[in-house]
There are 2 protein chains.
Amino acid sequence: MTRRMDPLTAEVVDLFGTVVARYHQEYDAAAAVHHLTGAQARVLALLAPGPLPMRRIAERLKCEPSNITGIVDRLEAQGLAERRTDPADRRVKLAAATEEGSVTAERLRDSLEFAREPLAALSEEERGMLRDLLARMVP
Amino acid sequence: MTRRMDPLTAEVVDLFGTVVARYHQEYDAAAAVHHLTGAQARVLALLAPGPLPMRRIAERLKCEPSNITGIVDRLEAQGLAERRTDPADRRVKLAAATEEGSVTAERLRDSLEFAREPLAALSEEERGMLRDLLARMVP
DNA sequence: CGGTTTCCTTGACAAGCTGAAACATCAAGC
DNA sequence: GCTTGATGTTTCAGCTTGTCAAGGAAACCG
C-alpha cells in the first residue's frame, strides 16, 4: 500500500522539516526578546509597510478575521499598534503600527536575519543558488 | 541604528519565511485528513521508529514534558498510541504507536511528501543541489 | 426605502504551551 | 536499611492561538 517515493525527494522533505522547525524556534525566540509571541510578531511585521484592514491581515495569515481581533488587541495593549477607522469605508478598521511599533518591527526583522545568518553558513554564490531554487518553489 | 544587511541574505530569509508558512499549512492539512492536529502528527511521526519516553519527545519537540502529556492523551484516545511503563525504570512512560498508529504515521508521511512534491517543481539535479545546500545549513 | 452583503467583534470552546506543585520511583551515601 | 536528593510524569491554572456561530454597524443595490 506504500506509495513508491524517490529517496532524493524524501530527503529534501525531511531536511525542510528540520529547517522549518529551526526557523520557527528562532522566530519565536526573536519575538520573545521584544515581549511578543510569534503570531503578534507576524502581524506587526505585516503592518510595517503600512496600515492594513483586519480582513487583509487574516487573508495574509490564512486564518479567520476573528482571530486577528485578539492579536491586534494585544499589540494595542502594548502600544505597538492602533486601530483607525477607514474614512473611505467606516465598516473597516485599519490596523497600523505606532511609532514604537515600527521601531520594534524593524529591530525584529534585523534580529531575525541576524539569527538566521549562521544558519546560512553558505557562500555568497551558494546563497544565490538557494535563493533561485526557493524562488522557483513559491509561484 | 539599522544594521547593514546584505540584500541577498534578506531575500533568502524572506523566501524561507514564505516556504515555511507554506510547509506548515500543508503539514496541518495533511494531518487534518487523518483527524490529527499538527502537533499530534509530529508526535506520532516521532513514535514511528519506536517507543520513546515522554521526556525524549519533549526534547525533540523542544517543549515542556507537561505539554506532551496532553498530546499523547489525545493520540491515545484515538487509539493511535499507548503508554507502556518502562520495565527498566518504572518512573518513565514509553509512548508507543499502536498498529493503527503506525499505519497512520506512514500514510501521513506519504501524503506529506506527495503534498510537498508540487512545491518541488524542480529537476532531479536541482533537488540534489537543494538537498546539499539545506544539509549544509543543519549541522 | 428595504434587503443583502461585507466588515468587525463577541462569546463559547478546543488545542498548544508554560510554569509550579504533587507524586512515584530511582540512586547514592551514611 | 533509611534518608536525601534527583528524575519522570502528571495535574492544574493561566495565557495565546485558532475555529465557528451569532450579532451589530455600515455600505450597496434594486
Side-chain angles (χ1 to χ4, degrees), chain A residues 20-21 24-29 31-47 51-78 80-96, chain B residues 20-21 24-29 31-47 51-78 80-96:
Chain A
V20 164
H24 249 187
Q25 289 169 231
E26 292 184 8
Y27 196 98
D28 286 359
V33 170
H34 301 281
H35 308 101
L36 294 173
T37 64
Q40 291 162 10
R42 262 186 300 278
V43 169
L44 190 56
L46 231 45
L47 260 37
L52 229 52
M54 307 293 279
R55 173 152 284 268
R56 298 289 158 265
I57 302 175
E59 280 167 6
R60 297 278 215 99
L61 262 51
K62 302 224 189 319
C63 66
E64 300 299 315
S66 64
N67 189 15
I68 304 300
T69 299
I71 298 178
V72 171
D73 280 351
R74 275 155 230 137
L75 285 176
E76 213 168 10
Q78 295 193 45
L80 301 177
E82 59 184 7
R83 284 171 165 92
R84 305 173 190 159
T85 312
D86 185 350
D89 183 343
R90 307 225 321 277
R91 286 172 302 181
V92 2
K93 296 273 171 56
L94 295 170
Chain B
V20 164
H24 249 186
Q25 288 169 234
E26 292 184 7
Y27 196 99
D28 285 0
V33 170
H34 300 282
H35 307 100
L36 294 173
T37 64
Q40 289 162 13
R42 262 186 301 278
V43 169
L44 190 56
L46 230 46
L47 260 37
L52 228 51
M54 307 293 279
R55 173 153 284 268
R56 297 288 157 266
I57 301 176
E59 281 167 6
R60 294 279 215 101
L61 264 51
K62 304 228 187 317
C63 66
E64 300 299 315
S66 63
N67 189 17
I68 304 301
T69 299
I71 298 177
V72 171
D73 280 351
R74 278 155 229 139
L75 286 175
E76 212 169 12
Q78 294 194 45
L80 301 177
E82 59 184 6
R83 284 173 166 92
R84 304 171 192 162
T85 311
D86 185 350
D89 182 345
R90 306 223 323 276
R91 286 171 301 182
V92 1
K93 297 272 173 55
L94 295 170

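Here is the naming used below: chain letters follow the sequence lines, and residue numbers restart at 1 for every chain. The shown structure was predicted, so the numbers you read here are calculated from the model rather than taken from an experiment.
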Please determine whether any donor N or O and acceptor N or O are separated by less than 3.5 Å between the side chain of [X] and the base of [N].
X: B:Ser66; N: C:dC17; answer: no
X: B:Arg91; N: D:dT7; answer: yes
X: B:Arg90; N: C:dT25; answer: no

### Task
Would you mind classifying the nucleic acid contact of A:Arg83 as base, sugar-phosphate or nothing, using non-hydrogen atoms under 4.0 angstrom?
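Sugar-phosphate contact only.
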### Task
Would you indicate what A:Asp89 reaches in the nucleic acid, counting non-hydrogen atoms under 4.0 angstrom: base, sugar-phosphate, or nothing?
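Contact class for A:Asp89: sugar-phosphate only.
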### Message
Nearest heavy atom decides the nucleotide; on that basis, is A:Arg74 or A:Ala88 closer to the 5' end of DNA chain D?
### Response
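Result: A:Arg74.
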### Task
Any chance you could measure A:Lys62, atom NZ, to B:Gln25, atom CD, to the nearest 0.5 Å?
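So the NZ of A:Lys62 and the CD of B:Gln25 are separated by 5.0 Å.
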Nearest to the side chain of [X], heavy atoms from C-beta on, is which of [options]?
X: B:Pro53; options: D:dT10, D:dG18, D:dT9; value: D:dT9
X: B:Met54; options: D:dT17, C:dT18, D:dT9; value: D:dT9
X: A:Ile71; options: C:dT9, D:dT17, D:dT9; value: D:dT17

#### Entry: side chain to side chain contact (heavy atoms under 4.5 Å, CB included) assessment of B:Ile57 paired with B:Arg60
CA-CA 5 Å; B:Ile57 301 176; B:Arg60 294 279 215 101; 5.8 Å; no
#### Entry: For atom CD1 of A:Ile68 and atom P of D:dT19, their distance in whole Å
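It is 9 Å, rounded to the nearest whole Å.
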